Amino acid sequence: KQEVTQIPAALSVPEGENLVLNCSFTDSAIYNLQWFRQDPGKGLTSLLLIQSSQREQTSGRLNASLDKSSGRSTLYIAASQPGDSATYLCAVPNTGNQFYFGTGTSLTVIP
Amino acid sequence: DAGVTQSPTHLIKTRGQQVTLRCSPKSGHDTVSWYQQALGQGPQFIFQYYEEEERQRGNFPDRFSGHQFPNYSSELNVNALLLGDSALYLCASSFPGASSYNEQFFGPGTRLTVL
């Protein structure tokens, strides 16, 4: 069974700082990895999808990397803003269409 | 283009009751997955529907059942509710062809409280 871990569980940074969120998975035979944002009590918003053949994906101030062999992905957020405050989740599918999520990193950006 | 929609937004039930949650996928999507998210946890996969059939199921008891309609919308039914079923229930849809390689799009969720 795939196990997904996210470190740190919580992070508090001053506005303007660059930061890195980490996601690790135990089974490297993945098809893709998806990063999501979740505001309190709300649904998930897709941020980035990295296919297994890719090493990086970028969207605005966000950059996600994937290293399948080591079972790791990172989400880099540049020049953080208070509006970035949310919980960030990563998810990977197995061969049977079941997606496994980490428990998330709760980010607070202090103005 | 409407995204994934879910109804109702909130629901309060008592133990032993039954509940039905509804999901309409994003336009053009034919695959619907359901997740349960307890407070402070990541979403847990319940099951996925494709072509009106359950294609994959997570580690949930038979009290959890579902259905997909010809228009690709879906229902999640939970029987004999327990206090532990209180959670945010999320629906996700993905593109036609419905491989596991496709990006998932989530709805806003239904908050179920069991008293």
Side-chain angles (χ1 to χ4, degrees), chain A residues 1-10 21-27 29-54 57 59 64 66 68 73 86-106, chain B residues 3-7 9-10 21 23-26 29-51 53-60 86-95 97-113:
Chain A
K1 178 189 171 188
Q2 178 76 267
E3 300 280 347
V4 181
T5 304
Q6 291 188 247
I7 295 172
L21 307 181
N22 297 290
C23 172
S24 61
F25 44 93
T26 54
D27 185 350
I30 64 170
Y31 295 97
N32 61 42
L33 184 144
Q34 198 167 352
W35 282 94
F36 295 89
R37 169 191 172 130
Q38 185 174 33
D39 293 292
K42 306 295 184 183
L44 278 62
T45 300
S46 178
L47 298 174
L48 288 165
L49 172 72
I50 311 178
Q51 299 292 354
S52 61
S53 58
Q54 298 176 313
Q57 273 283 11
S59 176
L66 176 63
K68 276 184 59 177
S73 176
T87 296
Y88 291 81
L89 295 147
C90 66
V92 292
N94 68 359
T95 55
N97 304 296
Q98 179 168 348
F99 284 78
Y100 294 90
F101 280 83
T103 52
T105 293
S106 177
Chain B
V4 181
T5 60
Q6 293 186 244
S7 63
T9 305
H10 295 89
L21 311 182
C23 171
S24 291
K26 187 176 169 66
H29 288 190
D30 61 359
T31 300
V32 173
S33 301
W34 286 93
Y35 294 82
Q36 179 195 67
Q37 187 178 25
L39 203 60
Q41 301 297 313
Q44 298 291 315
F45 178 83
I46 302 175
F47 42 53
Q48 184 182 79
Y49 276 85
Y50 172 63
E51 293 188 340
E53 292 195 359
E54 183 183 293
R55 184 163 71 170
Q56 180 78 7
R57 188 180 184 91
N59 189 25
F60 279 81
S86 295
L88 180 67
Y89 287 84
L90 296 163
C91 170
S93 71
S94 54
F95 282 119
S99 74
S100 53
Y101 324 138
N102 292 316
E103 186 173 9
Q104 292 194 104
F105 294 83
F106 279 79
T110 294
R111 172 68 64 185
L112 172 64
T113 301

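Chain naming here is simple, since letters A, B, ... match the order of the sequence lines and numbering starts at 1 in each. Bear in mind that the values here come from a model prediction, so they are computed numbers and not experimental data.
- In this structure, B:Tyr35 has its ring center under 6.0 Å from that of A:Phe101.
- With contacts defined as side-chain heavy-atom distances shorter than 4.5 Å, the pair A:Lys1/B:Asn59 does not qualify.
- Contacts of A:Gln6 classified as side chain to side chain donor-acceptor pair (under 3.5 Å), with partners at least two apart in sequence or in another chain: none.
- Shown here is A:Lys68, whose NZ atom has more than 12 heavy atoms of other residues, nucleotides or ligands within 6.0 Å.
- Of the listed residues B:Gln104, B:Arg111, B:Gln6, the one with more heavy-atom pairs under 4.5 angstrom with chain A than any other is B:Gln104.
- With sequence neighbours left out, the side chain to side chain donor-acceptor pair (under 3.5 Å) criterion links B:Glu51 to no other residue.
- Taking all atoms of both residues into account, the shortest heavy-atom contact from A:Gly43 to B:Leu90 is CA-CD2, 3.9 Å.
- Between A:Gln38 and B:Leu88 the shortest heavy-atom distance is NE2-CD2, 3.8 Å.
- Contact of A:Tyr100 with chain B is not made at all, since no heavy-atom distance falls under 4.5 Å.
- Around CD of B:Gln44, the count of heavy atoms belonging to other residues, nucleotides or ligands within 6.0 Å does not exceed 12.
- If you take CG on A:Leu44 and CZ on B:Phe105, they are separated by 12.5 Å, rounding to the nearest 0.5 Å.
- A donor-acceptor contact shorter than 3.5 Å is absent between the side chain of B:Glu103 and the backbone of A:Ser46.
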